[in-house]
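Since the structure comes first, as structure tokens, the remarks are kept for the end.
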Amino acid sequence: SNPLVGTSDERPVHSVYVNGFYMAKYEVTKALWDEVRTWGLAHNYTDLGVGSMSGTTNYCKGPTHPVHIITWYDMVKWCNARSEKEGLTPCYTVSGAVMKTGNTAPECNWASDGYRLPTEAEWEKAARGGAGGLNFPWGNTISHSQANYYSFSSYSYDVSPTRGYHPTYNDGVYPYTSPVGSFAPNGYGLYDMSGNLWECCWDCYGSYTAVSQTDPRGASSGSDRVVRGGSWFDYARNCRAADRGYYDPDSISDFVGFRPARSSVP
């Protein structure tokens with residue numbers, strides 16, 4: 001009664017294998033963003049964005065909510081700052097130097113033990129939580145008991161008894177993000193892989209091919225970066241594990257955040 005759905009940019013269906021990696025349990029919170037940003041500003045990361053601030057935007061209600069209003073470049077530089085702060089090897093470089101400022105597309109050292117954005121394939125592997133072939137990490141239907149998103153009756157798999165913005169995270173004037181971890185985790189113990197905020201990936205946005213791949217890292221070039229998972233503002237179809245979006249890396253958004261990954265943990 002709830003068939004799998006898909007859009008043209010999710011096809012053709014193809015096999016993907018990813019090697020082991022680590023993924024953060026939560027989207028990066030405003031509190032964690034501020035902690036690393038403060039350290040970074042004192043260590044030559046001079047242009048990290050402030051990010052969402054309670055009182056200056058209507059969508060972030062406090063330090064336990066996920067940070068947004070940041071660029072893709074802010075995210076990768078923040079990952080480098082957090083790596084250095086914790087004594088790890090930064091992943092991102094520009095012309096061989098650790099990326100600390102600016103908005104030049106970096107290179108990624110995938111062997112580094114520092115923090116980085118996940119690839120799109122890693123993100124989907126993590127989002128599914130060990131269960132394959134489902135619309136969502138937990139099954140084929142979705143409701144407000146499972147995620148923070150905009151419920152709309154046009155989708156047969158959206159079975160929420162409450163419609164529109166999530167009633168718990170809507171003050172009647174503006175809807176907003178939920179504190180990270182407000183809903184049940186998926187099979188890998190990861191929270192908010194559907195809804196709350198879109199999450200940025202490393203990959204340039206581009207078309208799939210039918211060829212099976214191992215550790216794909218996206219299109220060879222492209223102006224936009226992949227985002228995954230949907231947000232508090234988006235429909236159920238955007239919260240599906242296979243759904244894809246794209247994000248101008250120079251832009252900021254009320255709907256986009258991130259969670260870091262790592263290739264190894266010492």
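Values below: every heavy atom of this structure, side chains too, minus hydrogens, waters and symmetry copies.
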(message) Let's go through L117 and C201 carefully: what are the C-alpha distance in whole Å and the side-chain angles of both, what is the deciding distance for side-chain contact (heavy atoms from CB on, under 4.5 Å) to 0.1 Å, and is it a yes or a no?
(response) CA-CA 5 Å; L117 295 181; C201 299; 5.8 Å; no
(request) Show your working on side-chain contact (heavy atoms from CB on, under 4.5 Å) between D250 and Y73 and close with a plain yes or no. (result) CA-CA 7 Å; D250 288 301; Y73 293 111; 3.4 Å; yes
(request) Report yes if some heavy atom in the side chain of R128 is under 4.5 Å from a heavy atom in the side chain of P137; otherwise report no. (result) no
(message) When you measure from the side chain of R259 to the backbone of K25, do you find a donor-acceptor pair of N or O atoms at a distance under 3.5 Å?
(response) yes
(message) Check whether R240 reaches the backbone of R237 with its side chain - one donor and one acceptor, N or O, closer than 3.5 Å.
(response) yes
(request) May I ask whether V16 and M193 are part of the same hydrophobic cluster, defined by side-chain heavy atoms of I, L, V, M, F, W, Y residues being less than 4.5 angstrom apart, directly or through others? (result) yes
(request) Is it possible for you to check whether R37 lies under 6.0 Å from the centre of the six-membered ring of W78, through NZ or CZ, and within 45° of that ring's axis? (result) no
(message) In this structure, is the centre-to-centre distance between the rings of H68 and F258 below 6.0 Å?
(response) no
(message) Below 30° counts as parallel, above 60° as perpendicular, anything between as tilted: where do the rings of Y150 and F152 land?
(response) tilted
(request) Find the distance between OH (Y149) and CG (N238) and round it off to the nearest 0.5 Å. (result) 12.0 Å
(message) Measuring centre to centre across the rings, with the benzene-like ring taken for any Trp, is Y176 within less than 6.0 Å of W232?
(response) no
(message) Are the side chains of Y247 and V226 in contact, using a 4.5 Å heavy-atom criterion?
(response) no
(request) Any chance you could measure Q146, atom CD, to F136, atom CZ, to the nearest 0.5 Å? (result) 8.5 Å
(message) Do E84 and H43 make a side-chain contact, defined as non-hydrogen atoms from C-beta onward lying under 4.5 Å apart?
(response) no
(request) Look at the aromatic rings of Y155 and Y235 and report parallel, tilted or perpendicular, splitting at 30° and 60°. (result) tilted
(request) Indicate yes or no: does E122 engage R228 in a salt bridge with an N to O separation below 4.0 Å. (result) no
(message) I need the K85 NZ to E35 CD distance, nearest 0.5 Å.
(response) 4.0 Å
(message) Please give me the minimum heavy-atom distance between E27 and D192, naming the atom from each residue.
(response) OE2-O, 3.6 Å
(message) Could you check whether any side-chain heavy atom of Y174 comes within less than 4.5 Å of a side-chain heavy atom of Y165, counting everything from C-beta outward?
(response) no
(request) Check the pair W72, N103 against side chain to side chain donor-acceptor pair (under 3.5 Å), reporting the backbone distance first and the verdict last. (result) CA-CA 9 Å; W72 184 91; N103 54 357; over 6 Å; no
(request) For the pair N109 (side chain) and C91 (backbone), establish whether a donor and an acceptor sit closer than 3.5 Å, ignoring hydrogens and angles. (result) no
(message) Checking the side chain of S112 only, and the main-chain atoms of G114 only, is there a donor and an acceptor separated by less than 3.5 Å?
(response) no
(message) Do the side chains of K77 and D47 get close enough for a salt bridge, i.e. N-O under 4.0 angstrom?
(response) yes
(request) Look at the aromatic rings of W39 and Y45 and report parallel, tilted or perpendicular, splitting at 30° and 60°. (result) tilted
(message) What's the separation between atom NE2 in H65 and atom CG in N196, rounded to the nearest 0.5 Å?
(response) 8.5 Å
(request) Decide whether D158 and S151 meet the rule of one side-chain donor and one side-chain acceptor closer than 3.5 Å. (result) yes
(request) Would you mind telling me which of L88, V36, D113 makes a side chain to side chain contact (heavy atoms under 4.5 Å, CB included) with S83? (result) L88
(request) Evaluate whether atom CZ of F233 has more than 12 neighbouring non-hydrogen atoms of other residues, nucleotides or ligands under 6.0 angstrom away. (result) no
(request) Measure the shortest side-chain to side-chain distance between R116 and W202 over non-hydrogen atoms and say whether it is less than 4.5 angstrom. (result) no
(request) For S194 and C239, work out which heavy atoms get closest and say how close. (result) OG-O, 2.9 Å
(request) Show your reasoning for whether side-chain contact (heavy atoms from CB on, under 4.5 Å) applies to S223 and Y205. (result) CA-CA 8 Å; S223 56; Y205 179 83; over 6 Å; no
(request) Give a yes or no on this: more than 12 heavy atoms of other residues, nucleotides or ligands lie within 6.0 Å of atom NZ of K100. (result) yes
(message) Within the 3.5 Å criterion, strictly below it, is a donor on E86 or Y115 matched to an acceptor on the partner's side chain?
(response) yes
(request) Output the distance between atom NE2 (H166) and atom OG (S145), rounded to the nearest 0.5 Å. (result) 7.5 Å
(request) Find out whether I142 and N135 are in side-chain contact, i.e. whether some heavy atom of one side chain is under 4.5 Å from a heavy atom of the other. (result) no
(message) For V94 versus P106, what's the shortest heavy-atom pair and its separation?
(response) CG2-CA, 4.0 Å
(request) Inspect the surroundings of CD in E107 and state if more than 12 heavy atoms from other residues, nucleotides or ligands are less than 6.0 Å away. (result) no
(message) If you compare all heavy atoms of S156 against all heavy atoms of V159, which two are closest, and at what distance to 0.1 Å?
(response) O-CG1, 3.8 Å
(request) Test E120 against every option in R217, R244, K125 by the salt bridge (charged side-chain N to carboxylate O under 4.0 Å, His left out) rule and name the one that passes. (result) R244
(request) Please tell me if the side chains of P249 and R225 come closer than 4.5 Å, counting only heavy atoms from C-beta onward. (result) yes
(request) Could you tell me whether the side chain of T71 and the main chain of D74 form a donor-acceptor pair under 3.5 Å? (result) yes
(message) Could you tell me if E199 and W123 have a donor-acceptor pair between their side chains, going purely by distance under 3.5 Å?
(response) yes
(message) Please give me the minimum heavy-atom distance between S178 and P66, naming the atom from each residue.
(response) O-CD, 3.3 Å
(request) Check whether Y26 and V28 end up in the same hydrophobic cluster, where Ile, Leu, Val, Met, Phe, Trp and Tyr are linked by side-chain heavy atoms less than 4.5 Å apart. (result) no
(request) Classify the side-chain pair S251/D248 by whether it contains a donor and acceptor separated by less than 3.5 Å. (result) no
(request) Write down the atom of G51, the atom of V67, and the distance for their closest heavy-atom approach. (result) CA-CG2, 4.0 Å
(message) Show, in sequence, the C-alpha distance, side-chain angles and deciding distance for V180 and Y191, and conclude whether the side-chain contact (heavy atoms from CB on, under 4.5 Å) test is met.
(response) CA-CA 7 Å; V180 300; Y191 294 83; 6.0 Å; no
(message) Between Y157 and N140, is there a side-chain heavy-atom distance shorter than 4.5 Å?
(response) no
(request) Drop me the distance from F183's CZ to W138's CH2, to the nearest 0.5 angstrom. (result) 9.0 Å
